[in-house]
Amino acid sequence: MAVQRVAIAIHEGVQALDVAGPVDVFAETNGFVPAGDGYETVLVGAGCEPLRASNGMKISADLSFAEAQQKFDILLVAGGPALPDAAPDPELTQWLRGAPARAELYGSICTGAFALGHAGLLDGHKVTTHWQNAQRLAARFPAAEVIFDRIYIRDGHLMTSAGVTAGIDLGLALVAERHGPQVAVAVAKRLVVVAQRQGGQSQFSPYLTAPVDEDSPIARAQAHVMQHVDERHTLQSLAEAVGMSVRNFGRAFAQETGITPHEFVERARVDAARRLLEGSDRPLKAVAFDCGFGSADRMRIVFSERLGVSPAQYRASFRKL
């Protein structure tokens with residue numbers, strides 16, 4: 001093997017963790033592989049003067065876009081909270097357009113996917129981004145197939161990740177691909193993170209599309225579901241719980257969240273079950289009952305469809321990490 005050169009594009013308002021996460025993964029890997037088989041990471045920006053990250057931290061590029069015209073093994077663009085609404089950065093866009101010719105693998109961390117989209121690199125590919133911005137990415141770049149609930153996706157030479165810390169997952173996946181899972185696990189332990197997270201972004205919260213107004217009837221309906229996740233919920237029962245007609249409630253819920261009430265209820269049940277599987281020894285039948293699935297078989301079907309693993313596999317995998 002030879003040292004792999006990694007370029008990460010940064011910009012004003014970049015998310016610091018989008019940069020630091022992958023950089024630390026590659027840097028720590030160097031301590032677990034033979035000399036000359038690791039990674040050399042450089043930051044690339046419009047210039048080399050310090051940029052202000054979204055958290056106020058100053059970050060400086062090692063090379064300007066004009067200077068970084070050489071070949072790289074991996075080329076990534078970090079995200080930032082402002083990218084989904086910002087106008088395309090001409091210099092960043094122009095540099096990214098050369099990514100397919102300049103790197104064996106190119107991609108984004110978090111909302112960096114929007115920068116790739118402006119450069120025309122998402123069209124025809126399966127991609128992901130931070131869950132809060134996935135719907136907007138799909139609307140902005142309809143030629144891309146946006147997968148809402150994945151931690152990272154590799155589609156050919158393109159790799160995209162979900163939000164913020166998912167850049168660490170992306171980096172670990174690349175390390176595992178090149179150096180094997182044992183090295184990736186060693187790096188993950190060093191960073192005190194899991195080597196391979198179970199499931200998608202929905203594992204972190206059922207409120208993937210929660211309303212901005214926490215006092216709205218829709219937010220109250222969601223809270224009602226979470227407080228009574230073991231109970232049966234119908235469109236009519238939820239509408240009655242917040243004092244709305246069935247028709248108005250169904251329409252308002254879909255408008256504010258982008259999903260149906262039934263979809264939310266099922267996500268909430270999965271989330272509650274996940275927590276019980278991680279933090280207790282309760283039998284699967286009991287977990288299924290407590291979370292409103294009705295039976296262990298039904299819970300197994302939903303887990304397989306949504307997370308790609310069975311409840312037993314989820315619990316076993318979590319305990320190994």
Side-chain angles (χ1 to χ4, degrees), residues 1-27 29-30 33 35-54 57-80 82-83 86-125 127 129 140-141 143-144 152-161 167 170-171 173-175 177-178:
M1 294 186 185
V3 171
Q4 285 207 326
R5 286 179 54 80
V6 181
I8 300 179
I10 61 174
H11 46 84
E12 193 70 28
V14 70
Q15 185 97 35
L17 268 174
D18 285 5
V19 182
V23 168
D24 275 355
V25 168
F26 296 130
T29 300
N30 290 339
V33 298
D37 288 352
Y39 301 87
E40 177 185 317
T41 305
V42 296
L43 304 184
V44 185
C48 294
E49 65 279 359
L51 299 171
R52 187 74 69 175
S54 61
M57 180 186 298
K58 287 185 177 180
I59 302 177
S60 299
D62 301 294
L63 299 171
S64 68
F65 292 136
E67 294 169 330
Q69 298 300 316
Q70 65 268 48
K71 295 278 188 178
F72 294 97
D73 297 285
I74 301 170
L75 189 156
L76 302 170
V77 54
L83 277 185
D89 180 324
E91 291 181 274
L92 174 60
T93 300
Q94 183 61 36
W95 189 72
L96 288 175
R97 282 180 181 143
R102 192 176 297 123
E104 179 65 23
L105 184 141
Y106 56 93
S108 60
I109 302 109
C110 194
T111 56
F114 285 84
L116 292 182
H118 292 309
L121 300 180
L122 300 185
D123 293 357
H125 290 284
V127 299
T129 188
R140 182 77 60 83
F141 306 106
Y152 59 82
I153 293 176
R154 179 160 184 175
D155 187 352
H157 297 284
L158 174 67
M159 194 165 191
T160 54
S161 84
L170 180 151
L174 292 175
V175 169
E177 184 179 296
R178 185 171 185 237

Glu12 versus Arg52, closest heavy-atom pair with distance | OE2-CB, 3.1 Å
Mark yes or no for whether Ser64, through its side chain, and Ala46, through its backbone, hold a donor-acceptor pair below 3.5 Å.
-> no
Please answer whether the main-chain N or O of Gly79 pairs with a side-chain N or O of Asp18 as donor and acceptor at a distance below 3.5 Å.
-> yes
Mind listing the closest non-hydrogen atom pair of Glu67 and Cys48 along with its distance?
-> OE1-SG, 4.1 Å
Show the numbers, then the answer: is there a side chain to side chain contact (heavy atoms under 4.5 Å, CB included) between Leu96 and Tyr106?
-> CA-CA 9 Å; Leu96 288 175; Tyr106 56 93; over 6 Å; no
Of the options Asp89, Thr111, Val77, which is the one that meets Leu83 in a side-chain contact (heavy atoms from CB on, under 4.5 Å)?
-> Thr111
Any side-chain heavy atom of Phe65 within less than 4.5 Å of one from Val44?
-> yes
Rounded to the nearest 0.5 Å, the CZ atom of Arg97 sits from the CG atom of Leu92 at a distance of 10.5 Å
For Pro88 against His118, the heavy-atom pair lying closest together | CG-ND1, 3.5 Å
Taking Arg5 as the fixed residue, which of Ile74, Thr41, Asp73 is the one that meets the side-chain contact (heavy atoms from CB on, under 4.5 Å) rule?
-> Asp73
In terms of the angle between their ring planes, are Tyr39 and Phe26 parallel, tilted or perpendicular, with boundaries placed at 30° and 60°?
-> tilted
Note: Leu63 and Gln70 closest approach over all heavy atoms is CD1-NE2, 3.7 Å
Work out which heavy atom in Gly47 is nearest to a heavy atom in Ala61; give both atom names and the distance.
-> O-CB, 3.5 Å
Does Pro100 offer a backbone N or O that forms a donor-acceptor pair with the side chain of Glu104 under 3.5 Å?
-> no
Pairwise distance CG(Leu75) to NE2(His157) - rounded to 0.5 angstrom | 14.0 Å
Pairwise distance SG(Cys110) to CG(Leu170) - rounded to 0.5 angstrom | 11.5 Å
For Val25 and Gly171, which heavy atoms make the closest approach, and how far apart are they?
-> CG1-C, 3.6 Å
Which value, rounded to the nearest 0.5 Å, describes the distance between Leu17 atom CG and Ser54 atom OG?
-> 9.0 Å
Checking side chain to side chain contact (heavy atoms under 4.5 Å, CB included) for the pair Gln15/Ile109: CA distance, chi angles, key distance, verdict?
-> CA-CA 10 Å; Gln15 185 97 35; Ile109 302 109; over 6 Å; no
Looking at OG1 of Thr129 and CZ of Phe141, how far apart are the two atoms once the value is rounded to the nearest 0.5 Å?
-> 10.5 Å
Would Val127 and Leu116 count as a side chain to side chain contact (heavy atoms under 4.5 Å, CB included) if you check the C-alpha gap in whole Å, the side-chain angles of each, and the deciding distance to 0.1 Å?
-> CA-CA 10 Å; Val127 299; Leu116 292 182; over 6 Å; no
Would you say Trp95's side chain and Ala9's backbone share a donor-acceptor pair under 3.5 angstrom?
-> no
Do any N or O atoms from the side chain of His125 and from the backbone of Arg154 form a donor-acceptor pair under 3.5 angstrom?
-> no
dist Leu76:CG -> Leu43:CG (nearest 0.5 Å) comes out at 11.0 Å
Let me see the working for Met159 and Leu174 under side chain to side chain contact (heavy atoms under 4.5 Å, CB included), right down to the final yes or no.
-> CA-CA 10 Å; Met159 194 165 191; Leu174 292 175; 3.5 Å; yes
